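Please read the structure below before turning to the comments.
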Amino acid sequence: MKTKFFKFVLPALAIVMALGFAFASEAETESRIAYYDHPILGVQSTMVENECGTGNAIACKFNGHQLYAEPALNNELRKD
């Protein structure tokens, strides 16, 4: 009786724990505000993921507009 119980319960418990740990270790992404110059509305803000930073290779754009780190539009945001 004990062996049948352990042969069934232990693998089921291991699977349940593995699923629980898989969802518990999900990385949380942070968003931040980026700014762009709209031709009609002027400087606008939008939310972007952490993938956009300063000094990387590819320009970060929103609807075809270059994104910047501050409303003064000095530091372009870029991503890898």
Side-chain angles (χ1 to χ4, degrees):
M1 175 76 179
K2 280 185 178 180
T3 58
K4 287 184 180 180
F5 177 75
F6 286 123
K7 284 184 180 181
F8 176 73
V9 171
L10 288 179
L13 183 63
I15 291 171
V16 169
M17 286 179 58
L19 287 173
F21 288 135
F23 289 110
S25 64
E26 185 176 324
E28 185 175 322
T29 60
E30 291 184 24
S31 296
R32 65 180 187 171
I33 298 176
Y35 302 91
Y36 63 96
D37 187 21
H38 191 276
I40 297 172
L41 302 174
V43 176
Q44 299 291 310
S45 64
T46 186
M47 298 298 289
V48 294
E49 300 288 327
N50 271 348
E51 64 188 20
C52 291
T54 56
N56 294 327
I58 303 169
C60 281
K61 294 191 176 194
F62 176 74
N63 290 337
H65 303 290
Q66 174 64 45
L67 293 174
Y68 295 89
E70 72 281 331
L73 306 178
N74 291 330
N75 294 330
E76 293 182 351
L77 291 178
R78 300 186 166 276
K79 61 184 172 183
D80 290 333

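The structure displayed is predicted, hence computed values, not measured ones. Values reported hereafter were calculated over all heavy atoms of this structure, with side chains retained and with hydrogens, waters and symmetry mates removed.
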Next item on the list: Kindly compute the distance separating CZ (Arg78) from CD (Gln66), expressed to the nearest 0.5 Å.
Entry: 6.0 Å

Item checked: Glu70 (side chain) donor-acceptor with Tyr35 (main chain) under 3.5 angstrom -> no

Notebook entry, point to check: Members other than Leu19 in its cluster, when Ile, Leu, Val, Met, Phe, Trp, Tyr link by side-chain heavy atoms under 4.5 Å?
Noted result: Ile15

Margin query: Using 30° and 60° as the class boundaries, would you call the ring planes of Tyr36 and His65 parallel, tilted or perpendicular?
Written below: parallel

Checklist line | Euclidean distance, Ile58 CD1 relative to Leu77 CG, rounded to 0.5 Å | finding: 14.0 Å

Check: How far does CZ of Phe62 sit from NE2 of His38, to the nearest 0.5 angstrom?
Finding: 9.5 Å

Check: Can you check whether Met47 reaches Ile33 side chain to side chain, under 4.5 Å on heavy atoms?
Finding: yes

Next item on the list: Measure across Asp37 and Val43 and return the closest heavy-atom pair with its distance rounded to 0.1 Å.
Entry: OD1-N, 4.1 Å

Notebook entry, point to check: Say you draw a straight line from CG of Asn63 to CD of Gln44; how long is it, rounded to the nearest 0.5 Å?
Noted result: 11.0 Å

